[in-house]
Every structure is written in C-alpha cells, then in structure tokens.
Amino acid sequence: MFGDMMGKLKEAQKQMEEAKKRLDNVYVDAVTENGKIKVTATGNKKIKQISIDESIINDYGKEGLEDLLVVAVNKAIENAEKINEAEMASMAKGIMPNIPGLF
C-alpha cells in the first residue's frame, strides 16, 4: 500500500512537471479597452511581451500609460491563472479520480 502511494506521488510529480512545461508554451493576451497596450503571458504567469502603441504617450501621458500598463499586466496574469488552474485541475483529476466531491 505504501509503495503504491509513493508510486502515485512520483507519477503525480512527473505529471506536474510536464504540465508546467506545457504551460510555458501556452500564451494568453490581454489588451486594454482602448487597444493601445497588449500584454502576452505564458500559462505559468510569466510576461513574455508588452506592445505599446506610440500614440498612447501623447494621448495619456506618463501616468496614464503607467495606469493602463498595470491594468493590462494584471489582466494577462489573471488570464494565465485561469489557464494554469484548469490545467492543474485536469491533471489532478486524472491522478485522483476516485475521491468523491474533490472535483
């Protein structure tokens, strides 16, 4: 029984590492309402790219740009978190399918 549990734990750890690798190649975007800033993040919540329309500097100034950038980055991280949670829940469901009420 204990050996079987250790085997399942090792398998779960291996699957977790595989999921993390997959999430490094999943990209989510967040765009501000005005479409002037786009932030791309991985499923592991790492920011990969930020694109800023040049006109934003004249239209919004430094403080406006900073505010919009914070909004876009937070949206990207939130989108990445949803993807991450879904992947981890799917993986956990496959490992522990027989626990009632868990998922």
Side-chain angles (χ1 to χ4, degrees):
M1 180 174 163
F2 184 71
D4 185 45
M5 179 74 114
M6 289 300 290
K8 285 187 179 190
L9 286 174
K10 285 183 182 183
E11 180 63 25
Q13 185 176 23
K14 180 182 174 187
Q15 288 182 3
M16 181 82 80
E17 290 302 316
E18 290 171 1
K20 285 181 181 181
K21 286 179 184 176
R22 278 193 307 275
L23 288 168
D24 276 336
N25 296 306
V26 173
Y27 295 96
V28 295
D29 293 323
V31 180
T32 56
E33 287 180 26
N34 61 11
K36 304 269 185 183
I37 297 176
K38 177 182 169 186
V39 177
T40 302
T42 69
N44 281 321
K45 300 172 269 182
K46 303 289 185 209
I47 302 300
K48 295 301 278 184
Q49 181 177 345
I50 298 175
S51 301
I52 301 172
D53 186 307
E54 277 187 46
S55 68
I56 200 169
I57 296 168
N58 294 330
D59 295 346
Y60 291 86
K62 180 183 179 292
E63 287 181 9
L65 170 59
E66 290 169 347
D67 290 344
L68 288 171
L69 191 54
V70 167
V71 168
V73 168
N74 284 335
K75 275 187 189 178
I77 291 171
E78 183 180 310
N79 292 344
E81 181 68 30
K82 289 176 185 175
I83 298 275
N84 190 291
E85 286 176 1
E87 177 72 17
M88 293 303 151
S90 174
M91 185 207 57
K93 206 178 227 183
I95 294 170
M96 299 178 272
N98 299 327
I99 301 175
L102 184 61
F103 297 102

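The residues of the chain are indexed from 1 along the displayed sequence. Worth saying up front: this structure is predicted, and the values here are computed from it rather than measured.
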Could you state whether [X] and [Y] fall into the same hydrophobic cluster, counting links through intermediate Ile, Leu, Val, Met, Phe, Trp or Tyr residues with side-chain heavy atoms under 4.5 angstrom apart?
| X | Y | answer |
| --- | --- | --- |
| V26 | M88 | yes |
| L69 | V71 | no |
| I83 | Y27 | no |
| I50 | I77 | yes |

Legend entry - From CG (D29) to OG1 (T40), nearest 0.5 Å: 4.0 Å
Legend entry - Rounded distance (nearest 0.5 Å) linking atom NZ of K21 with atom CG of N44: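 Atom-to-atom, K21:NZ and N44:CG are 12.0 Å apart.
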Inset, instruction - Please determine, by modelled atom types, if Y60 and D67 share a side-chain donor-acceptor pair under 3.5 angstrom. - result: no
Side-chain donor/acceptor of [X] to backbone N/O of [Y], under 3.5 Å:
| X | Y | answer |
| --- | --- | --- |
| T32 | I37 | yes |
| D53 | S55 | yes |
| N79 | V28 | no |

Inset, instruction - Determine whether K38 and Q49 make a side-chain contact, defined as any pair of heavy atoms from C-beta on separated by less than 4.5 Å. - result: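 Contact flag for K38/Q49 side chains = no.
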Legend entry - Close side-chain approach of M16 and K20, heavy atoms under 4.5 Å: yes
Legend entry - Shared-cluster residues of V31, by chain and number - hydrophobic side chains joined below 4.5 Å: none
Legend entry - Pairing of K36 and D59 as salt bridge, 4.0 angstrom limit: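 Yes, this pair counts.
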Inset, instruction - List for me each residue that meets side chain to side chain donor-acceptor pair (under 3.5 Å) alongside T42, sequence neighbours excluded, and say none if there are none. - result: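 For T42 there are no side chain to side chain donor-acceptor pair (under 3.5 Å) partners, ignoring immediate neighbours.
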Legend entry - Minimum heavy-atom distance between V39 and A72, given as atom pair plus value: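 Scanning both residues completely, I find the closest heavy atoms to be CG2-CB, 3.5 Å.
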Inset, instruction - Could you tell me which non-hydrogen atom of I47 sits nearest to which non-hydrogen atom of A76, and how far apart they are? - result: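 Scanning both residues, the minimum pair turns out to be CD1-CB, 4.4 Å.
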Legend entry - CA sep, side-chain torsions, deciding dist, call: E17, Q13, side-chain hydrogen bond (donor to acceptor under 3.5 Å, both in side chains): CA-CA 6 Å; E17 290 302 316; Q13 185 176 23; 5.6 Å; no
Legend entry - Selection residues 69-83 - residue pairs positive for salt bridge (Lys or Arg N to Asp or Glu O under 4.0 Å), sequence neighbours left out: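 For residues 69-83, and leaving out neighbouring residues, the salt bridge (Lys or Arg N to Asp or Glu O under 4.0 Å) pairs sorted by first residue read K45-E81, E78-K82.
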